[in-house]
Every structure is written in C-alpha cells, then in structure tokens.
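Positions are given from 1 along the sequence.
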Amino acid sequence: MEMLKRLESELLYWVQAHRTPVLDGIMTFITSLGNGGFIWVLLTVGLLARKKTRKAGVMMAAALALNAVLVNLLLKNIFARVRPFEALSGFSVIVRRPADWSFPSGHSSSSIAAAFVALRRLPRKVGVPAMVLAGLICVSRVYVGAHYPTDVIGGVVVGLLCGWLAEKIVEKLPVKVKQKLRME
C-alpha cells in the first residue's frame with residue numbers, strides 16, 4: 001500500500017511539473033464538462049425527449065442516479081480520502097478546490113456510467129465519442145490535481161457497475177411502467 005501511495009504521489013508531481021498553459025486550458029475545460037454531471041445530464045435530457053432514444057435516456061438517468069447515491073452519499077463518506085492538494089506538500093490544483101472527499105472520483109464515475117449506457121444502447125457515432133469524452137474527463141481529474149489516479153480507477157469501476165445495473169433495472173421494469181414512460 002505504501003508503494004502505491006508513493007507511485008501515485010510521484011505521478012502527480014510529474015504531471016504537475018509537465019503542465020503547460022495550453023494543456024491547462026484544455027484540461028480545465030474538459031473537467032468542467034463533468035461538473036455536476038452537466039454534459040451527461042444534458043445528453044440524458046436530449047435522449048428522453050425523443051421516443052426513439054427514450055429507453056437509453058431512462059437507462060442513463062438511472063445510471064446517473066445510482067451513481068450519485070453510491071458515490072456521493074456512501075463511498076466518499078466511507079473512504080473519506082483527502083484530496084492530493086491537501087495531502088501532498090507543494091502540490092497544486094488548477095481548478096476550484098473540491099470540498100468533498102477524493103475517493104472515488106465522482107466526475108469519473110458519472111462520466112463512465114453515462115458513456116457505458118451510450119456505448120451499449122446508442123449508435124456507435126454517439127457511443128464511441130461519449131466514451132472518449134468520459135475517458136478524457138477521467139484523465140483531466142488527475143491532470144488538474146483534483147484526484148489521485150486510484151480515485152479515478154475507483155470511479156471507473158463504480159461507473160461501469162452503475163451503467164450495467166441501470167440497464168438491468170430498466171430492462172426488468174414492468175410493461176405498464178415502460179408504457180407510462182413511453183419507452184415501448
């Protein structure tokens with residue numbers, strides 16, 4: 001465990017030493033797309049608005065809701081891991097300092113949860129870019145100094161689980177519920 005902590009710290013210091021103004025701007029923008037799940041909520045609303053994509057929208061909404069409860073109400077409070085900018089001497093964050101716990105990354109988990117559903121339930125021209133964006137948001141969280149790499153990895157695992165569970169839950173909904181949601 002100590003070796004992992006040391007490796008993470010070294011990686012974070014290396015990233016900090018290699019930041020550039022251009023990358024700072026790009027990564028700050030990319031990370032902001034995940035603030036509050038903004039881009040994923042926007043996509044979900046768009047999917048819910050069309051009958052053709054409503055089922056995927058319901059799945060994405062369920063994935064984001066499951067993720068919010070699991071990450072923000074349970075896991076962050078159970079693990080209570082301090083952020084790297086609080087724990088590492090001389091380490092800086094280039095975005096507004098998040099006030100909650102570090103593990104798992106909420107940006108990463110919500111992005112992966114939504115993108116997982118998009119990749120599996122929407123045409124490739126939507127699903128693949130969604131997953132690429134989710135991956136970039138994950139990387140941006142380490143770059144901007146908000147998370148340790150293992151926070152992001154944990155977020156990815158939780159996001160995959162939430163996306164998968166959301167699919168299973170929506171598939172099992174009674175026909176009457178699906179009809180009320182106008183999914184079928």
Side-chain angles (χ1 to χ4, degrees), residues 1-45 60 63-119 127-163:
M1 194 63 144
E2 282 303 313
M3 187 168 97
L4 180 58
K5 284 182 182 180
R6 188 173 44 82
L7 286 172
E8 282 194 296
S9 298
E10 288 175 12
L11 176 64
L12 287 170
Y13 284 125
W14 183 87
V15 167
Q16 179 174 279
H18 292 88
R19 287 179 185 153
T20 67
V22 171
L23 266 179
D24 289 0
I26 292 168
M27 289 301 199
T28 299
F29 172 72
I30 289 170
T31 218
S32 73
L33 293 174
N35 291 350
F38 171 74
I39 194 74
W40 309 114
V41 170
L42 197 61
L43 178 58
T44 300
V45 169
M60 197 172 286
L64 291 170
L66 282 169
N67 183 77
V69 169
L70 192 57
V71 171
N72 297 320
L73 298 180
L74 296 173
L75 295 175
K76 282 187 180 277
N77 292 310
I78 289 168
F79 288 99
R81 186 179 195 188
V82 298
R83 301 272 180 170
F85 56 82
E86 296 170 327
L88 302 176
S89 176
F91 187 73
S92 65
V93 61
I94 61 171
V95 292
R96 194 186 83 216
R97 291 174 171 239
D100 61 348
W101 299 110
S102 195
F103 183 88
S105 167
H107 279 68
S108 299
S109 61
S110 62
S111 295
I112 294 296
F116 176 85
V117 172
L119 187 64
V128 170
M131 193 55 83
V132 169
L133 178 59
L136 289 171
I137 289 172
C138 290
V139 169
S140 77
R141 300 308 288 163
V142 172
Y143 183 90
V144 300
H147 285 287
Y148 293 96
T150 51
D151 297 341
V152 171
I153 293 167
V156 167
V157 170
V158 171
L160 290 170
L161 176 66
C162 289

Residues in side chain to side chain donor-acceptor pair (under 3.5 Å) with [X], at least two apart?
| X | result |
| --- | --- |
| Tyr143 | Asp24 |
| Ser110 | none |
| Ser9 | none |
| Ser140 | Thr31 |

Mind checking the [atom1]-[atom2] spacing from [X] to [Y]? Nearest 0.5 Å is all I need.
| X | Y | atom1 | atom2 | value |
| --- | --- | --- | --- | --- |
| Asn67 | Cys162 | CG | SG | 4.5 Å |
| Leu33 | Phe29 | CG | CZ | 4.5 Å |
| Leu23 | Ile30 | CG | CD1 | 9.0 Å |
| Leu88 | Glu8 | CG | CD | 9.0 Å |

Excluding sequence neighbours, so at least two apart, what forms salt bridge (Lys or Arg N to Asp or Glu O under 4.0 Å) with Asp100?
Lys76, Arg83
Residues forming a salt bridge (Lys or Arg N to Asp or Glu O under 4.0 Å) with Arg6, sequence neighbours excluded
Glu10
Using modelled atom types and a 3.5 Å cut-off, is there a donor and acceptor pairing between side-chain atoms of [X] and backbone atoms of [Y]?
| X | Y | answer |
| --- | --- | --- |
| Gln16 | Gly145 | no |
| Ser111 | Ser108 | no |
| His147 | Ser102 | yes |

Quick one: list whatever passes side chain to side chain contact (heavy atoms under 4.5 Å, CB included) with [X], sequence neighbours left out.
| X | value |
| --- | --- |
| Ile153 | none |
| Ala68 | Asn72 |
| Leu75 | Leu70, Phe79, Pro104, Val158 |
| Val82 | Glu86, Ala87, Trp101 |

For [X] versus [Y], what's the shortest heavy-atom pair and its separation?
| X | Y | answer |
| --- | --- | --- |
| Val93 | Ala146 | CG2-N, 4.1 Å |
| Ser89 | Tyr13 | O-OH, 2.6 Å |
| Phe103 | Thr150 | CE1-O, 3.3 Å |
| Leu64 | Ala114 | CD2-CB, 4.1 Å |
| Trp40 | Ala115 | CH2-CB, 4.3 Å |
| Val41 | Gly36 | CG2-O, 4.2 Å |

Quick one: salt bridge (Lys or Arg N to Asp or Glu O under 4.0 Å) pairs with a partner in residues 142-163, sequence neighbours left out?
Arg81-Asp151
Kindly determine whether Leu43 and Ile39 satisfy side-chain contact (heavy atoms from CB on, under 4.5 Å), including the steps that lead there.
CA-CA 6 Å; Leu43 178 58; Ile39 194 74; 5.9 Å; no
Using the side-chain contact (heavy atoms from CB on, under 4.5 Å) rule, take Leu12 and Tyr148 through it: C-alpha gap first, then chi angles, then the decisive distance, then the call.
CA-CA 7 Å; Leu12 287 170; Tyr148 293 96; 3.6 Å; yes
Taking the six-membered ring of Phe91, is NZ or CZ of Arg19 closer than 6.0 Å to its centre and within 45° of its axis?
yes
Quick one, Met131 with Ile112, criterion side-chain contact (heavy atoms from CB on, under 4.5 Å). Give me CA distance, side-chain angles, the key distance, then yes/no.
CA-CA 7 Å; Met131 193 55 83; Ile112 294 296; 4.1 Å; yes
Could you go through Val139 and Met27, starting from their C-alpha distance and side-chain angles, then the distance that decides it, and tell me whether this counts as side-chain contact (heavy atoms from CB on, under 4.5 Å)?
CA-CA 8 Å; Val139 169; Met27 289 301 199; 3.9 Å; yes
Side-chain heavy-atom pair Val156, Ser109 within 4.5 angstrom cut-off:
no
